[in-house]
Visitor: 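To start, I am sharing the structure in question, which I have written as structure tokens.
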Amino acid sequence: MRKYLFVGNWKMHKTLRETEEYLGIFLDKLGDFKILDREIIIAPPFTSLALAAKLLKKTPLKLAAQNACWEERGAFTGEISPVMLKEVEVRYVILGHSERRHLFGETDEIIAKRVFGVYKFGLIPILCVGETLEERKAGKTLEVVERQLREDLKYLQEIKGEDLVIAYEPVWAIGTGINATPFQAEEVQSFIRKKLSEIYSFEVAKKVRILYGGSVTPENIEELMKEPNIDGVLVGGASLEAEKFFKICISQIKKGEPR
Ligand code: PGA
């Protein structure tokens, strides 16, 4: 059984004061809520990680970083080491996000190095893949997603399954208010699982969590989570308000099919 995963990607938002305020509200709402079947992860900017680590001690919330280098230390101006991230209790790292690919020119080769690098240091990569609108219109969605998977995972040869997360994030759905329909997401996500079983094995692929990301809201979460290959969500805009993200994180999950 895969544990559901709810990840809030704050992107370049929130000062220290705002981080403290947000986590105060979120933890207050969470109270004694049972979240045994799921993990809730926050990915704040680097500057808020140490503070968030302190505030989240002894709570079920965990931390992700929004990027990381493949080296432990060295002359890599502007980068951050997986070891430094572990020092502030980071467990997961979002990699290959479409904003990294499209605004900052990260190639599949760079992303592949990052994925292997963070894994090597004991962090769990959340690898984002997804097609642009033109690619979808040209009928190339599955081709693009397969290429990204094969190239970005090429250095990551031996995994157990629980130690990798894939996020399917169609570029046209990110920050646009137009989410993929549950049917569209499931079509690609079941394809991703099939490709993972070719790259690794059926046993491993069964354990990898595959998230959907792109305009997830408290209104569409329940429908999305019904799909058998949607194991959770990566949320941008709607994770910036503690109340909204909380609503998403406590969604009642009723799967249509046995998992
Ligand atoms: P969004 O962003 O929820 O604002 O569409 C998702 C993401 O970029 O991970």
Side-chain angles (χ1 to χ4, degrees), residues 4-14 18 22 26 38-46 48-49 52 61-68 90-106 111 114-115 118 123-133 135-136 141 144-145 148-149 152 164-182 184-186 188-189 192 209-225 227 229-251:
Y4 305 120
L5 202 52
F6 293 82
V7 187
N9 174 13
W10 289 2
K11 307 190 180 184
M12 201 170 73
H13 290 281
K14 297 200 191 295
E18 289 164 344
Y22 180 107
F26 195 96
R38 63 196 70 186
E39 285 178 86
I40 300 176
I41 318 266
I42 307 272
F46 291 128
S48 286
L49 283 171
L61 264 66
K62 294 177 192 145
L63 285 175
Q66 297 176 21
N67 207 358
V90 165
R91 312 266 184 97
Y92 292 84
V93 186
I94 299 170
L95 294 170
H97 189 281
S98 93
E99 285 145 23
R100 299 300 321 164
R101 292 178 194 265
H102 297 114
L103 299 175
F104 298 97
E106 287 199 13
I111 295 161
R114 293 192 191 279
V115 168
V118 307
L123 292 163
I124 301 182
I126 302 177
L127 170 65
C128 305
V129 296
E131 82 288 1
T132 61
L133 189 57
E135 288 162 341
R136 175 161 280 266
T141 298
V144 169
V145 167
Q148 289 173 334
L149 283 176
D152 302 347
L164 175 67
V165 177
I166 306 289
Y168 169 54
E169 297 213 308
V171 180
W172 48 270
I174 298 177
T176 58
I178 305 167
N179 60 290
T181 63
Q184 286 172 320
E186 175 62 22
V188 180
Q189 301 196 194
I192 291 174
R209 281 164 301 168
I210 306 177
L211 314 182
Y212 166 75
S215 298
V216 173
T217 63
E219 287 73 43
N220 59 28
I221 184 71
E222 305 279 350
E223 285 305 306
L224 286 162
M225 289 301 295
E227 297 298 333
N229 286 291
I230 300 185
D231 302 315
V233 283
L234 178 52
V235 189
S239 76
L240 292 176
E241 275 175 53
E243 289 88 353
K244 251 193 197 171
F245 188 52
F246 178 73
K247 274 193 200 148
I248 292 174
C249 292
I250 56 152
S251 68

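Just so you know, residue 1 is the first one in the sequence shown, and it goes up from there. Atoms within each ligand, like the ligands themselves, are counted from 1 in listed order. In this text the structure is predicted, and so the values were computed from the model without any measurement.
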Visitor: Are Gln66 and Trp10 close enough that a side-chain donor and a side-chain acceptor fall under 3.5 Å?
Guide: no
Visitor: More than 12 non-hydrogen atoms from neighbouring residues, nucleotides or ligands closer than 6.0 Å to CZ on Arg91, yes or no?
Guide: no
Visitor: Just jot down the salt bridge (charged side-chain N to carboxylate O under 4.0 Å, His left out) partners of Arg38, sequence neighbours excluded, or say none.
Guide: none
Visitor: Is the Phe245 ring parallel, tilted or perpendicular to the Phe26 ring (thresholds 30°, 60°)?
Guide: tilted
Visitor: What does the list of residues with a heavy atom under 4.0 Å from ligand 1 look like, ordered by chain and number?
Guide: Asn9, Lys11, His97, Glu169, Ala173, Ile174, Gly175, Gly214, Ser215, Leu234, Val235, Gly236, Gly237
Visitor: Distance only, no hydrogens: is a donor on one side chain within 3.5 Å (strictly under) of an acceptor on the other, for Glu243 and Tyr22?
Guide: no
Visitor: Between Tyr92 and Glu39, is any side-chain donor less than 3.5 angstrom from a side-chain acceptor?
Guide: yes
